[in-house]
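Contents: one structure, followed by commentary.
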Amino acid sequence: MSVALFALGIVIVGVGLTVSIALHEIGHLVPAKLFGVRVTQYMIGFGPTVWSRGRGETEYGLKAIPLGGYIRMIGMFPPHRGEPAGAIREDSTGFVQQMSQEAKEYESAQYGQEDAHRTFVALSVPKKLVVMLGGPVMNLLISIVLMTVMVSGIGLPAVTPTVQSVSECVLPADAPEDSSCEGRPEAPALAAGIRPGDTLREIDGQEIRRWADVTTAVRAAGDRTVPVVVERDEELLQLEATPIVDARPVLDEDGGMVLDDSGEPVTEQVGFLGVAGTPDLVPQSPAVVPEMAWQAFRGTAEVVLTLPVRLYDVAQAAFGPSERDPDGPLGVVGVSRLAGEIAAAEQPGFELREKTGTMISVLASLNMALFVFNLLPLLPLDGGHVAGALVEGIRRQIARLRGRPDPGPVDTSRMLPLTNAVAIVFIVMTLLLVYADIVSPIRFFR
C-alpha cells in the first residue's frame, strides 16, 4: 500500500469535508444577511483563530481545529430587560434562571438598541426556519449533486451476465495465475461451447439477470448436466454443460471471499463452470438519483435514531471481544482511514475511475449524515433552533385563536443546561469513536 496515496486519500476527504462545512455555514449566512440579521462572524473550525479578515460588519476566518464551523448572529436569545435598582428577582437563585439571565445579559451587551431589529430573535418564524434549515439543506444539495456526478459521470457498478473469459481447464482455487493446464481436465464451459462475449440468459432453467445469478445457479447444479441458454450475435443458442464439483471460495453477501483467521480463503465443494464476468461502471440516468438519495436518507436516519444502541456496540468492540459493525457510525479517524485505503488500494479492477466514484460516494454519504444529524431537535444543533421556532409559531397561533396577547419568542436560553449536557455527550461520543477507529477499525477491504 502506497503511503503517499494513503495520505492523498486523507487529504481529499479532509478538503471535501471542510468545503462541505463551509458551504453548510454559507447556507445559514446568506439568508441571515438577506433578512437583515447582523452577522458578526463566519468561522470554519474551532479553537484559536489562525486567519481572519473583516469585510463589512462580518469577520471571516479559519480556526485551528477544522472539525466544524459556525456563524455568529446577534440576539439569539430574547433581550435582557433591565430592572429598577435594588429590585430582587424571585427566580434569581434558580440555577437555570440564573444561567439564562447571564446569557441574555451577555447577548444584549453585544449590540445597541439601534440594532435590536436586526437580531435573530426579531425574525418571523418562517424566516427563522429558513436561516436555520439553510445549513442542513445545503448539505442535502451537496449530497444530491455528488450522487448525480457519481451516477451520470462515473457510473454505477453493473455486473452483466456477459462472459468476459472462459477457463481452459480446471485449476485449484489457490493456483497461481500462470499455472499450466497440462494434465488438468477441460473446463466445463469450454467443453459446452461457451465463448467470451456470450451473454448468459438461462442456466438450469433459472433466468440470469446479473452475474450473481450465474454463481448461484452453477454452484447449485453440482455435477449434473444442465441446459444453458446463451445469446451470441443476437441469436439464442441452446447448449448443455456439465459442471464439476470442486473446492471453490465461499462468498459473502457482497460477492467477496470469506477468509479464515489466518487470512486464507474458506472453500466449499460446489459446482464449477469456468466462466468469469468483469464488473463495469455504467453511467446511469439522473432519474435514479432521487431513489438513491431517499435510500441514503433512510439508512442514515436509521443509524442516527438508533445511535445510543450503536454506540454501545462500538464500545463493546473497542473495549471487548465484539466485532465492529461495518455499517455502524464512524469517527473522523475512521473516515480518514477508509479514504486512505480507497486511494491506496491495489486490488485488480479497482482503478482510478472506481476509486474516484467510491471517494465521491463517501463524501455524498458524509453530507447526508450532516443533513440528518443536524435535524435532531436538540440544541446546539440546527434542529434545536428549528424546534424552538416551530414551538414559537404554535404558541403564537394558539394565542391568536384565543384572542390573547402575543407570547413573544421562545426563550431558548432556558435550555442552556440541556444544551451543555448535549455538548458533553457529543464530546464523549467523538472520543469513543476516535478510540474505536484506532483499536478496532472498519476497513474498506475485508
Side-chain angles (χ1 to χ4, degrees), residues 8-33 37 39-53 55 58-73 76 120 130-147 149-150 293 296-297 300-301 303-304 307 329-340 359-376 378-386 419 422-423 425-427 429-431 433-434 437:
L8 177 62
I10 295 175
V11 170
I12 290 174
V13 78
V15 171
L17 184 56
T18 300
V19 171
S20 298
I21 292 171
L23 292 175
H24 173 102
E25 297 306 328
I26 286 177
H28 293 309
L29 177 74
V30 171
K33 282 183 169 289
V37 178
V39 182
T40 59
Q41 282 188 318
Y42 169 91
M43 290 289 171
I44 303 303
F46 296 101
T49 302
V50 296
W51 173 87
S52 69
R53 176 175 296 177
R55 190 169 183 178
T58 306
E59 177 190 10
Y60 299 85
L62 298 174
K63 298 284 188 175
I65 307 174
L67 296 178
Y70 65 91
I71 68 168
R72 179 162 293 161
M73 299 176 283
M76 293 298 294
F120 173 79
V130 171
V131 171
M132 299 317 302
L133 287 173
V137 168
M138 181 66 79
N139 289 122
L140 175 62
L141 293 176
I142 295 171
S143 182
I144 291 175
V145 168
L146 290 174
M147 288 182 189
V149 171
M150 180 180 66
F297 171 78
T300 305
V303 172
V304 171
L307 199 54
L330 276 174
V332 62
V333 174
V335 173
S336 300
R337 182 192 289 271
L338 286 181
M359 198 71 75
I360 291 175
S361 177
V362 169
L363 291 173
S365 298
L366 284 174
N367 275 278
M368 184 62 73
L370 288 173
F371 167 67
V372 175
F373 190 72
N374 272 287
L375 290 182
L376 289 176
L378 297 171
L379 292 170
L381 298 176
D382 298 330
H385 294 285
V386 170
T419 302
V422 171
V425 170
F426 287 166
I427 292 173
M429 178 182 72
T430 300
L431 294 176
L433 289 174
V434 167
D437 289 340

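All heavy atoms count here, side chains included; hydrogens, waters and symmetry mates do not. Count residues from 1 along the sequence.
- The distance from atom CZ of Phe297 to atom CD1 of Ile144, rounded to the nearest 0.5 Å, is 11.0 Å.
- Residues satisfying the salt bridge (charged side-chain N to carboxylate O under 4.0 Å, His left out) test with Asp437, not counting sequence neighbours, are Arg324.
- Rounding to the nearest 0.5 Å gives a distance of 9.0 Å between CD1 of Ile71 and NE2 of His24.
- Among all heavy-atom pairs drawn from Ile21 and Gly69, the shortest one is CG2-N, 3.8 Å.
- Here Thr40 pairs with nothing under the side-chain hydrogen bond (donor to acceptor under 3.5 Å, both in side chains) rule; sequence neighbours left out.
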Step by step, work out the side-chain contact (heavy atoms from CB on, under 4.5 Å) result for Val362 and Leu338.
CA-CA 9 Å; Val362 169; Leu338 286 181; 5.8 Å; no

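- Residues that satisfy the side-chain hydrogen bond (donor to acceptor under 3.5 Å, both in side chains) test with Thr58, not counting sequence neighbours, are Lys33.
- Contacts of Gln41 classified as side-chain contact (heavy atoms from CB on, under 4.5 Å), with partners at least two apart in sequence or in another chain: Met43, Glu59, Tyr70, Arg72.
- The nearest pair of heavy atoms linking Leu379 to Gly384 is CD2-C, 3.6 Å.
- Closest of all the heavy-atom pairs between Lys63 and Gly47 is CD-O, 2.9 Å.
- Every residue two or more places apart in sequence or in another chain that forms a side-chain contact (heavy atoms from CB on, under 4.5 Å) with Leu23 is listed here: Val19, Ile26, Met138, Ile142.
- To the nearest 0.5 angstrom, Met73 atom CE is 7.0 Å from His385 atom NE2.
- Scanning all heavy atoms of the two residues, the minimum distance from Met359 to Ala339 falls at CE-O, 3.6 Å.
- With values rounded to the nearest 0.5 angstrom, Leu62 atom CG is found 13.5 Å from Tyr60 atom OH.
- When all heavy atoms are compared, the tightest approach of Pro380 to Val422 is CD-CG1, 4.2 Å.
- For Ala364 against Leu146, the heavy-atom pair with the smallest separation is N-CD1, 3.6 Å.
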Which atom pairs, one a donor and one an acceptor, fall under 3.5 Å between side chains of residues 366-376 and the rest of the protein, sequence neighbours left out?
unit_1 : atom_1 : unit_2 : atom_2 : d
Asn367 : OD1    : Ser20  : OG     : 3.2
Asn367 : OD1    : Asn139 : ND2    : 2.9
Asn367 : ND2    : Ser20  : OG     : 3.0
Asn367 : ND2    : Leu363 : O      : 3.0
Asn374 : ND2    : Leu370 : O      : 2.9

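- Between Met147 and Ser365, the closest side-chain pair of non-hydrogen atoms is not below 4.5 Å.
- Taking 4.5 Å as the limit, some side-chain heavy atom of Phe120 sits within range of a side-chain heavy atom of Met132.
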